[in-house]
Each structure stands twice: as C-alpha cells, then as structure tokens.
Amino acid sequence: MAVDSRFFDEMEARIPRGGVRTRFAPSPTGYMHVGNLRTALYTWLIARHAGGTFILRIEDTDQGRLVEGATDVIYRTMAECGLTHDEGPDVGGPVGPYIQSERRDLYGKYAHLLVEKGAAYYCFCEKTESEEDSGDWDRAADPCRDLSAAEVEANLAAGKPYVIRQRIPLDGSTTFHDVSFGDITVENKTLDDQVLLKRDGLPTYNFANVVDDHLMGITHVVRGSEYLSSAPKYNLLYEAFGWEIPTYVHCSPVMRDQHNKMSKRHGDPSYEDLIAQGYLTGAVLNYVALLGWAPKGERSEQEIFSLQELADVFDIAGISKSPAIFDLAKLDHFNAVYLRALPPEDFARIAEPYIRQSVKNPAVDAAAVAALLQARCEHLTDIPEKVDFFDALPDYDLALFTNKKSKTDADVSKAMLEAAVPALEALPEWTQEGVHDALIGLAEKLGVKNATLMWPVRIAAAGKQVTPGGAVEICHILGREETLRRLRLGLERLSA
C-alpha cells in the first residue's frame with residue numbers, strides 16, 4: 001500500500017517546536033484516582049515551570065472501557081484543581097483534534113508507513129487478545145512476520161482481516177533514558193511484536209501515544225512506572241519513524257501500604273471521594289505533589305505550597321523512583337493547615353452547608369458557629385457532628401458535670417448553675433462581651449476559679465464533653481432565651 005509523503009510532510013509542518021510541551025492524556029473510564037491526579041499535576045507543573053504549553057488529550061480508543069460521564073469528571077476535576085490547559089478538545093489548538101477517536105484515520109496512515117519502512121508487518125493470524133495479554137504470543141513463530149510481499153497483497157486482496165504488528169529486531173538491545181530511573185537496557189528478544197493497529201482500524205494505546213505525542217510536539221512524557229516495560233518498544237517506534245525521542249518521566253506508583261497499590265476496588269478514595277470527605281482541593285494537591293517529589297535547595301524543608309509556588313520550584317530532578325505511600329493521617333494534617341489559613345469569611349462560606357446539615361434553626365448564626373470551628377477542624381465533614389447541639393440539646397449523662405481538672409462534681413455544678421442563671425438573666429444586652437464579663441465577675445464573686453463555673457455552664461448549654469468554643473461563645477450563639485432554658489434544665493436535673 002503506497003503512502004503519500006506529502007501528507008506526512010504537512011503533518012510535520014504543523015508541529016510546534018522550540019518550547020516545553022506536555023500533555024495529560026487520560027482515558028474516560030471512570031473516576032480520577034490519586035495516581036492520575038498526580039500525573040496531571042506533574043505534567044502541568046513541568047509546563048508551567050518552563051513557561052511552556054500544557055495539553056489535555058482524551059484517549060478514548062479503548063471503546064469497550066469507556067464510562068458515560070467520565071469525560072465530564074476529567075474536565076471538572078482539572079478545573080477545580082486549577083490545572084488549566086492551553087490546548088485541548090474544548091479550547092482547540094494547532095495540532096488537533098485532541099480526542100483520539102477523532103484522529104482515527106491518522107493512525108492507519110502511520111501504521112502503513114511503518115510497514116513500508118520494514119518496522120511493522122501485517123498479521124492475518126487468528127490470535128486472541130487474551131493470549132497476547134498473557135504473554136503467550138511467540139513472535140519468532142509468527143508466520144506472518146516473514147510473509148512475502150506477494151503473499152501479503154494476496155491476503156489483502158482477498159479481504160482477510162488483519163492487525164499491524166511492530167517488527168521488533170530479533171537480536172541486539174534497546175536502551176532508553178528516564179529522568180528518575182536513568183538508562184535502562186533491554187534485550188530485544190524479550191520484547192513482543194505488539195499490535196499497533198487493531199482489526200477495527202483503531203490503534204492500540206501504545207501506538208496512538210507515540211504518534212500523538214510526536215505530532216503534538218510533546219517534549220516531556222509523564223506516565224506511571226508500569227509503562228517502563230513498554231518504553232523500549234516506544235523508542236524503537238520513534239527510531240523507525242526518524243523522530244526525536246521525548247524526555248521520559250516515569251513515576252512510581254502511589255501505594256496504600258508497603259505492598260499494595262491504591263485501588264478503587266479496595267475502597268481507596270478518588271479525588272472526588274476526598275473532596276466529598278471534607279478535604280480542600282488545595283490541601284489534596286499540595287499533598288499529592290509531595291507523593292514522589294521533593295523540593296531542592298532552600299525550599300527542601302518547606303511543606304506547604306500554593307499551586308503557583310509549586311510551579312515556581314518544580315524540578316523533575318526531584319521526582320523519586322521509590323513508591324510513595326498515601327497516608328490519610330498526613331493528608332489530615334495538610335487539610336487542617338489549609339482550613340486554618342483560610343480567611344474567616346471564606347471558611348464560613350464553605351463551612352455553612354456542613355453546619356446547616358445539623359443546625360436547622362435559622363436563628364443560629366452560621367458564621368458565628370464557623371468562627372468556633374476553624375481552629376478545631378480537620379475535615380469539613382466533621383462539622384455536623386461537632387455542632388449538632390446548637391440545634392437540639394442532646395440527652396446527656398449527668399456524669400459530664402464531674403470534672404477533676406475544673407474541680408466540679410454534681411453538687412458544685414448545681415451551685416454554679418444556681419448562681420449563673422440570675423447573673424445571666426440580669427444582663428441588659430446579650431453580647432459575647434457581656435456574657436463573658438458576667439461569668440468572669442461571678443466566678444470572682446463566688447471565690448472560685450473560672451473553670452469551676454465555666455465547666456457546668458458549658459455542659460448544661462451544650463450537653464457534650466467536647467465542644468468547639470467555650471461556655472461564653474456557646475451561650476452567646478444560643479441566645480438569651482435558649483441559654484437560660486438549657487441552664488435551668490440542667491439545674492432541674494441536678495436537683496432531682
């Protein structure tokens with residue numbers, strides 16, 4: 001089958017050159033797992049650090065695994081994370097289309113070009129995908145590898161279905177270089193004649209990647225270390241075409257523990273799961289960036305980075321070849337730091353939906369409740385349980401009134417509430433400062449430590465041993481009427 005050299009010359013002429021160009025190329029097969037997010041982040045950071053171009057490409061050639069709505073998940077996640085792309089299906093660009101299924105006619109031309117160059121061949125054998133996937137494919141015994149040109153033409157003329165396979169050299173070795181793993185040499189006899197073009201005319205993942213990366217001018221290819229074994233075959237394809245080989249950045253896996261990769265099947269969270277569990281996007285990105293990468297020089301001890309700071313300092317030399325363990329406790333720490341660093345009004349805005357899950361009473365000021373939570377919160381999803389007492393006083397155990405540190409027991413607490421109720425009733429205005437001064441003044445008048453008075457007031461007002469905020473803040477938010485009702489109820493129970 002003759003090839004048109006003008007077509008290939010025109011495709012070469014389209015390729016942008018001279019700057020760093022990276023791509024994130026997810027398959028729309030479901031959720032955005034942590035490893036995918038890290039690949040997207042590193043790819044984006046390489047481009048942004050170099051002032052280059054970041055491309056989003058959708059790889060949908062494996063039609064059997066596509067999941068409806070998964071492409072929307074990709075767009076939404078990238079947008080939420082601030083990983084803006086310069087070229088892609090939705091924004092266009094000079095080397096589109098950016099969806100592989102829309103480039104279908106392209107791959108056949110390049111596969112046939114490889115056949116003409118002697119680097120690939122038509123295979124008419126009836127081999128199942130499962131046999132090839134299992135490693136049972138024996139290329140040395142493949143009769144199609146050595147078919148004559150006449151035999152190939154006869155088979156094609158007869159309409160025999162075929163795949164196009166890469167013709168791997170039978171001897172010698174192939175060496176490739178990776179940023180993290182260095183030079184790796186593989187004996188060619190250990191490589192299989194992988195399928196490049198399937199019977200349906202669609203390319204395999206491995207072939208489409210090489211063709212698209214070249215035609216889109218990709219300078220740095222970031223992918224998981226599971227593709228290290230395929231890299232020699234990629235190199236042989238680049239060399240067969242006469243193309244420049246990009247910089248390979250293979251990232252070691254993100255692990256659940258020392259022995260197991262993270263997996264949705266085993267209940268490990270996706271990006272969307274983490275957000276639903278009350279983690280902030282910034283905290284997730286910051287933590288994920290450090291899963292397999294470490295800053296160098298004066299920033300080597302820094303732990304908290306904004307996305308822009310990451311772009312400023314990101315260096316591919318800092319990527320480790322060691323697997324990274326995803327530690328939720330460590331992510332909790334990052335999330336707490338991010339929550340506490342938010343401007344109070346921003347925290348109040350994002351906390352309000354969680355507050356209102358349990359505090360339905362509109363008279364309770366959600367912003368005031370949020371002010372109590374900001375320094376005491378690791379996950380937004382912790383909020384409803386922490387503040388439910390504002391809506392309804394729980395049925396608490398009277399044993400809560402006994403506290404050794406505050407020097408209270410049932411009798412002491414009863415005496416404190418008997419004094420606190422009239423003192424609070426007498427307040428001309430119900431302000432936080434007024435409640436504070438009344439209770440502090442009362443403790444001084446009674447000759448007790450502040451905690452001896454504050455403990456029973458807080459227990460009566462909240463009905464919980466641990467609360468965000470102390471007695472003064474809680475009473476102020478509850479308001480005069482509700483506070484006095486709860487304190488009188490506590491007094492009644494202690495007097496019974």
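Position 1 is the first residue of the sequence, and the numbers go up from there.
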Considering residues at least two apart in sequence or located in another chain, which fulfil the side-chain hydrogen bond (donor to acceptor under 3.5 Å, both in side chains) criterion with [X]?
X      : answer
Arg23  : Asn209, Asp213
Glu102 : none
Arg376 : none
Arg256 : His266, Asp268

Any donor and acceptor pair, going by atom type alone, linking the side chain of [X] with main-chain N or O of [Y] inside 3.5 Å?
X      : Y      : answer
Gln302 : Ile304 : yes
Ser358 : Pro384 : yes
Lys198 : Val195 : no
Asp315 : Gly318 : no
Thr185 : Thr175 : no
Glu239 : Leu236 : no
Ser27  : Glu59  : yes

Donor-acceptor pair between [X] and [Y] side chains, under 3.5 angstrom:
X      : Y      : result
Asp273 : Ser270 : yes
Asp332 : His379 : yes
Gln308 : Asp312 : yes
Ser148 : Glu151 : yes
Gln194 : Asn206 : yes
Ser101 : Asp60  : yes
Thr174 : Asn188 : yes
His214 : Tyr238 : no

Got a sec, which pairs hit ring pair (Phe, Tyr, Trp, His ring centres under 6.0 Å) with one end in residues 310-338, sequence neighbours left out?
Tyr42-Phe314, Tyr287-Phe326, Tyr287-Phe334, Trp293-Phe314
When rounded to the nearest 0.5 angstrom, what distance separates [atom1] in [X] from [atom2] in [Y]?
X      : Y      : atom1 : atom2 : value
Ile383 : Leu339 : CD1   : CG    : 7.5 Å
Arg223 : Thr39  : CZ    : OG1   : 11.0 Å
Leu196 : His112 : CG    : NE2   : 11.0 Å
Leu328 : Glu378 : CG    : CD    : 11.0 Å
Arg48  : Thr43  : CZ    : OG1   : 11.5 Å

Would you indicate whether [X], at its atom [atom1], is surrounded by more than 12 heavy atoms from other residues, nucleotides or ligands within a distance under 6.0 Å?
X      : atom1 : answer
Arg6   : CZ    : no
Glu345 : CD    : yes
Glu385 : CD    : no

Would you call [X] and [Y] a side-chain contact if the rule is heavy atoms closer than 4.5 Å?
X      : Y      : value
Ile355 : Phe390 : no
Ile275 : Thr281 : yes
Pro253 : Ser225 : yes
Leu280 : Ile350 : yes
Ile55  : Thr53  : yes
Leu285 : Leu37  : yes
Arg38  : Val254 : yes
Cys144 : Tyr121 : yes

Kindly write out the residues that satisfy ring pair (Phe, Tyr, Trp, His ring centres under 6.0 Å) with [X], not counting sequence neighbours, or none if the list is empty.
X      : answer
His250 : Tyr248
Tyr354 : none
Tyr205 : Tyr227

Locate the shortest heavy-atom distance separating [X] from [Y]; write the atom from each residue and the value.
X      : Y      : answer
Gly278 : Thr381 : N-CG2, 3.7 Å
Asp86  : Gly52  : OD2-O, 4.0 Å
Cys123 : Asp142 : SG-OD2, 3.8 Å

Qualifying residues under side chain to side chain contact (heavy atoms under 4.5 Å, CB included), relative to Pro344, sequence neighbours excluded
Gln374
Phe7 vs Leu106, side chain to side chain contact (heavy atoms under 4.5 Å, CB included): CA-CA, chis, key distance, verdict:
CA-CA 10 Å; Phe7 167 80; Leu106 197 66; 3.4 Å; yes
Is any side-chain N of the basic residue among Arg299 and Glu301 closer than 4.0 Å to the acidic one's carboxylate O?
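Result for this pair is no, no salt bridge flagged.
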Test: Lys321 and Asp178 ion pair at under 4.0 Å:
no
The criterion is salt bridge (charged side-chain N to carboxylate O under 4.0 Å, His left out); which residues satisfy it with Arg340, sequence neighbours excluded?
none
Full working for side chain to side chain contact (heavy atoms under 4.5 Å, CB included) between Tyr162 and Asn155:
CA-CA 9 Å; Tyr162 64 85; Asn155 284 336; over 6 Å; no
So, do Phe8 and Trp243 have ring centers that fall under 6.0 Å from each other?
no
Identify the residue among Arg167, Arg165, Lys233, Arg145 that makes a salt bridge (Lys or Arg N to Asp or Glu O under 4.0 Å) with Asp193.
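For Asp193, the salt bridge (Lys or Arg N to Asp or Glu O under 4.0 Å) check succeeds only for Arg145.
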Using the side chain to side chain donor-acceptor pair (under 3.5 Å) rule, collect all pairs that involve residues 69-78, keeping only residues at least two apart or in two chains.
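Pairs touching residues 69-78 that pass the test: Arg76-Glu272.
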Do any side-chain atoms of residues 78-85 form donor-acceptor pairs under 3.5 angstrom with protein atoms, and if so which ones, sequence neighbours left out?
unit_1	atom_1	unit_2	atom_2	d
Glu80	OE1	Tyr271	OH	2.9
His85	NE2	Asp90	OD1	2.7
His85	NE2	Asp90	OD2	3.4

